[in-house]
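First up is the structure itself, then whatever we jot down about it.
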Protein chains: 2
Amino acid sequence: MSETDSIAPRRGKAEAKQTVLCKVCGDRASGKHYGVLTCDGCRGFFKRSIRRDLAYQCKESNSCPIDVARRNQCQACRLKKCFEVRMNRDAVQHERAPRTNQYKHCTNEEIRSKTLKRKQVNFEHSNQDIATNATHVAPKKEKVLDSPTTPEPGYYGNSPPRFLVGYVTPESPKGGTVSVAMTAAITPPHTPQHRQQMPFQMIYLGSPEMLHESAVRILFMTVKWVRNIPTFFELPFRDQAILLEEGWSELFILSIAQWNLPVEISTLMAAAGVSPQPNESVERVICGMAEIKALKNIVERFRAADIDQTEYACLKAVVLFKPGTRGLRAPHHVEQLQDQAQSMLGEYDRQSYPSQQVRFGRLLLMLPALKEVSSKCIEQMFFRGTLDTIPMERLLSDMFKSA
Amino acid sequence: MSETDSIAPRRGKAEAKQTVLCKVCGDRASGKHYGVLTCDGCRGFFKRSIRRDLAYQCKESNSCPIDVARRNQCQACRLKKCFEVRMNRDAVQHERAPRTNQYKHCTNEEIRSKTLKRKQVNFEHSNQDIATNATHVAPKKEKVLDSPTTPEPGYYGNSPPRFLVGYVTPESPKGGTVSVAMTAAITPPHTPQHRQQMPFQMIYLGSPEMLHESAVRILFMTVKWVRNIPTFFELPFRDQAILLEEGWSELFILSIAQWNLPVEISTLMAAAGVSPQPNESVERVICGMAEIKALKNIVERFRAADIDQTEYACLKAVVLFKPGTRGLRAPHHVEQLQDQAQSMLGEYDRQSYPSQQVRFGRLLLMLPALKEVSSKCIEQMFFRGTLDTIPMERLLSDMFKSA
DNA sequence: CGGGTCGGGTCAAAGGTCCA
DNA sequence: TTGGACCTTTGACCCGACCC
C-alpha cells in the first residue's frame with residue numbers, strides 16, 4: 001500500500017462505489033497499468049501493440065471516438081488515445097518464457113487445494129498434452145485399438161512367437177517408431193486406451209468384502225496379460241514360471257496404479273493386519289500400517305507420473321523380463337526381451353513426449369519403488385483369505401494354465 | 001515495480017558511493033540476502049522458489065544469460081545462478097503467519113484468496129526457526145570473512161565452486177555432448193579414467209585384517225565424491241543427510257564394482273556372519289551366506305556390463321538423488337538433479353556407444369539390484385568392527401564433515 | 001539509543017493463459 | 001487472431017529482531 005495518497009482503486013465488484021474509469025475508453029478500470037488507470041482490455045491492447053511493435057492505420061481521419069462501445073472499431077485511434085493519456089510504453093516488458101507447468105510436489109493434501117485453486121490448469125495440462133501429441137498419439141492409439149481386427153499384413157497372423165522379434169521396425173512407415181505389433185501384443189486386446197477407465201467389472205478394492213475376490217481378479221488379468229505376450233512362450237517353461245513368481249506382485253501394483261483402483265488404508269488394514277490370527281504371529285513378514293502406507297504412496301507416485309497405457313504395457317514387460325533373476329535357464333533371452341521392451345518404451349516416449357526428454361529415464365527409475373513392498377506383504381494384504389489353503393505359486397500356476 | 005509509472009525505470013537517484021551490484025543479475029544490490037549480495041528481486045525470487053520447492057524448466061540449454069534486463073526470461077537459469085553464487089537455501093525460513101497488523105476491510109474474494117494462498121502458517125515457529133537459523137548463521141560469518149578478499153572482479157575468485165554449472169555445455173567440442181566439466185565434477189579429481197585401475201592404496205577387501213579399514217576407506221571416498229558434486233549443496237542440509245543415509249550402501253556397492261575390488265566369500269563370511277556373537281542373535285537382520293553370495297553376484301553383473309567411469313559417475317548420481325525418499329523437504333529439487341544425472345548418462349551413451357541403443361536403459365535397469373542386499377547387511381558385512389560403538393549415521397555424518 | 005543488516009511480509013502492477 | 005476476464009509472479013517498500 002505504497003500509494004495511499006491517491007484514491008485507492010479498490011475494485012469493488014458488485015456495487016456502484018466510486019468506480020474508477022478507464023482513462024482510455026471509460027470502461028471500469030481494473031487498476032493502474034503502464035502508468036494510467038485503465039481497464040484490462042486497454043491494458044492488453046496496449047501491451048500487445050507495444051510488444052509486437054504494431055503500426056495501425058486509421059481508415060478515417062485519425063479522430064475516431066474511443067469509448068467502451070467503440071474502442072474496437074479503430075485500433076489506430078485506440079492506441080493514439082493510449083499515448084494521449086500518457087500510457088508509458090517503457091513499462092511494457094519483454095515477453096517472458098511461457099509459464100511452465102510448475103509442478104511442485106503434489107502429494108497428499110496439497111493436491112487438493114491445488115485442484116481447487118486452479119481447475120483450468122488441469123484442463124490446460126491435458127489440452128497441452130493433446131496439442132503436443134496430436135500428430136502422433138492419435139494415430140498410434142487408433143492402431144493399437146484396431147490391431148486385433150487389423151492383421152497388419154506382415155506381422156500379425158497367428159499366435160505364436162515370431163512377430164515380436166524386430167521391436168524397432170525400420171520399415172515402419174514414418175521412420176523408426178514403435179512397432180505396432182509389439183504394442184498390440186503387449187497391450188491386452190480389450191484394454192481401454194484412455195485413463196481413468198475401469199476395465200474390469202466387479203472390482204472394487206475399497207470394499208472389504210470384495211477385496212479378496214477383486215484382488216484375485218486383478219491377478220488373473222495380470223496373468224492373462226502375461227500370456228498375451230507371444231514372446232513369453234519363447235522362454236523355457238521353467239523360466240516362465242520363475243519370472244511370473246518373481247514379478248507378480250510388482251505387476252499387481254502396476255495394475256492397481258494403471259487402472260486407478262483405490263487403495264484404502266482402512267480397508268487394507270481390516271483385511272490384512274489387524275485381525276490377530278494365532279498362526280500369523282509365527283510368520284516373519286507381517287504387513288503393518290507402514291507397508292500399507294508405503295503401497296499407497298507408491299501407487300500415488302505412479303499416478304502422479306501420468307503414465308499412459310502404452311507406457312504401462314512396456315513397463316510391465318520390463319518388470320516381467322528380469323534377466324538378473326536367479327535360476328533362469330535362458331537369462332540371455334530374457335535380457336533380450338527386456339531390451340525390446342525398454343527400447344520400445346524409449347522410442348515411444350521420444351515420439352509421443354518429445355518435450356519431456358527425461359521421461360523415459362524417469363519411468364525406468366520408478367520401477368525400484370515397486371519392490372518397496374515385498375510380495376509377501378502384498379500376499380498378506382490382498383490374498384490372505386484366498387491363500388489359507390493355496391500357496392501363491394500354486395495360485396499363479398493355476399491361473400496361468402487356465403488363463 | 002511501482003517506480004515504473006512516472007519516473008524513469010532506472011532508480012539511479014543519487015548514485016553516490018560505489019553501488020554494490022547483485023551477484024545474480026547485476027542490478028543494484030539492496031544488501032546481503034541468504035548469504036549473498038543481491039537485489040530485492042533476486043532475493044524475493046529465491047525465497048519464493050525455495051519456499052515452494054519450485055522446479056523450473058529451461059526452454060533452452062540451461063545457460064541463459066542472467067542480467068537485470070533478462071533475469072525474468074528464464075526462471076530455471078535464474079535459480080541456477082542463485083545457487084551458483086552460493087545463495088543458501090537453508091537460510092530461507094518457513095512462511096510465517098500473515099502480519100497481525102490490524103487489517104482493514106477486505107473484500108470477501110480477497111479474503112478467500114488470501115486464505116487459500118497461505119495455508120500452512122501458524123505452526124512452526126521459533127523452535128524451527130532457531131534450528132534453521134543455526135545453520136545459516138555460520139556461513140554469514142564466513143562470507144564476512146572472505147568478502148574483504150573478494151573485491152568483486154568477477155563473482156568468485158578463490159573457491160572452486162564453478163565448474164559444474166552447465167552440465168550439458170553447448171560449447172563442448174563435439175557439439176551437444178556431455179559436459180566434461182560435469183563429468184569431472186562428478187568424478188573424483190584424482191580418479192583414474194581408465195578401468196581396472198585401483199585408485200586407492202591400501203585397499204584390499206580380500207584380506208580379513210584389512211577388510212574393515214578398507215571398507216571405511218571406500219566409504220570415505222564415496223562420501224568425498226558426494227561432496228564433490230556442487231549441486232548437492234543446493235539441497236537443504238537435512239535432505240543431504242537423508243540422501244546420504246539412504247544411498248550409501250548402494251553407492252558403496254557401486255564403488256566396489258567400479259574399482260574392481262575383490263569380493264571374497266570366505267573373507268566376508270569370516271568377518272561378518274559366522275562368528276556367533278551373543279548379541280547378534282537378537283538383531284533381526286542377520287547377514288548370511290545368501291546375502292554374501294547375492295552381493296558377489298550383483299558386483300559380477302555390474303562388472304560384466306563393462307561400465308565406464310563416466311557411466312559410473314552418472315549412475316552414482318542417479319542413485320544418490322532419489323526423489324522418492326521419504327522425508328525430503330525439497331523432493332522436487334532432488335528429482336531435478338536426478339533428471340540431470342540420468343539425462344547426462346543417456347546423452348553420453350548415445351554419443352559414446354551409438355551402436356548399443358539399449359545400453360542406457362540397461363544401466364538404469366541394473367540399479368534395483370543394488371537393493372537386493374540391504375544396507376543393514378552391508379553394514380554387518382563390512383563395518384561390524386568399526387561400528388561396535390559408532391552407529392552408521394554417525395559415521396557418515398563425521399565423514400561428511402571431514403571429507 | 002540510534003542506525004545498519006537481514007530475516008520476515010505486502011500488494012500494485014508487471015506477467016501469463018485461454019475461451020469466446 | 002484479438003479481446004479481456006482472471007490468475008500468478010515480481011519487486012519496491014515496510015516491519016522488527018538483533019547487533020553493534
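Quick note on labels: first sequence line is chain A, next is B, and so on, each numbered from 1. Only this structure's heavy atoms are used, side chains among them; waters, hydrogens and symmetry mates stay out.
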Note to self: Between C1' on D:dG11 and CZ on A:Arg96, what's the gap in Å once rounded to a whole number?
What the structure shows: 10 Å
Notebook entry, point to check: How would you label the contact of B:Gly44 with the nucleic acid (heavy atoms, under 4.0 Å): base, sugar-phosphate, or nothing?
Noted result: nothing
Next item on the list: Using heavy atoms to find the nearest nucleotide of DNA chain D for B:Arg78 and A:Cys39 separately, return the residue whose nucleotide is more 5′.
Entry: A:Cys39
Check: Below 3.5 Å, does any donor atom in the side chain of B:Arg51 face an acceptor in the base of C:dG8, or the other way round?
Finding: no
Note to self: Base of D:dG11, side chain of B:Arg48 - is there a donor-acceptor contact under 3.5 Å?
What the structure shows: yes
Margin query: Using whole Å, what does the distance between atom P of nucleotide C:dG8 and atom CZ of B:Phe45 come to?
Written below: 16 Å
Checklist line | Contact under 4.0 Å: A:Arg43 side-chain N or O vs D:dA5 OP1/OP2 | finding: no
Check: Tell me: CD of B:Gln93 to P of D:dC15, nearest whole Å?
Finding: 19 Å
Notebook entry, point to check: Is the shortest side-chain N to carboxylate O distance from A:Arg359 to A:Glu311 below 4.0 Å?
Noted result: yes
Next item on the list: Would you mind reading off the distance between A:Leu54 atom CG and D:dT1 atom P, rounded to a whole angstrom?
Entry: 13 Å
Note to self: If you assign each of B:Lys47 and A:Asp40 to its closest nucleotide in DNA chain C, which residue comes earlier from the 5' end?
What the structure shows: B:Lys47
Note to self: Can you tell me which nucleotide in C:dG9, C:dG16, C:dA14 comes closest to the side chain of A:Tyr34?
What the structure shows: C:dA14
Next item on the list: Write down the distance between OH (B:Tyr56) and C1' (C:dG16), rounded to a whole number of angstrom.
Entry: 14 Å
Check: How about A:Gln357: does its CD atom have over 12 heavy atoms from other parts shown lying under 6.0 Å from it?
Finding: no
Checklist line | Separation of D:dA12 C1' from B:His33 NE2 (nearest whole Å) | finding: 11 Å
Next item on the list: Give a yes or no on whether B:Glu60 atom CD has more than 12 heavy-atom contacts from other residues, nucleotides or ligands under 6.0 Å away.
Entry: no
Checklist line | Under 3.5 Å on both distances, the Watson-Crick or G-U partner of C:dC1 | finding: none
Notebook entry, point to check: Nearest to the side chain of A:Ala91 - C:dG9, C:dA14, D:dG4?
Noted result: C:dA14
Note to self: Looking at B:Asp90 and B:Arg238, is any side-chain nitrogen of the basic one under 4.0 Å from a carboxylate oxygen of the acidic one?
What the structure shows: no
Item checked: Shortest side-chain distance from A:Asn72, nucleotide among D:dG3, C:dG8, D:dG11 -> D:dG3
Note to self: Any donor-acceptor pair, under 3.5 Å, between the side chain of B:Arg71 and the base of D:dG11, if you only look at N and O atoms?
What the structure shows: no
Next item on the list: In whole angstrom, give the distance that lies between atom CZ of A:Phe46 and atom P of D:dT2.
Entry: 17 Å
Check: If you take atom types as modelled and just measure distance, does the side chain of B:Lys32 reach the base of C:dG4 with a donor-acceptor pair under 3.5 Å?
Finding: no
Notebook entry, point to check: What's the CG-C1' distance between A:Asp90 and C:dA13, to the nearest Å?
Noted result: 16 Å
Check: So, A:Asp306 versus A:Tyr353: side-chain donor-acceptor pair below 3.5 Å or not?
Finding: no
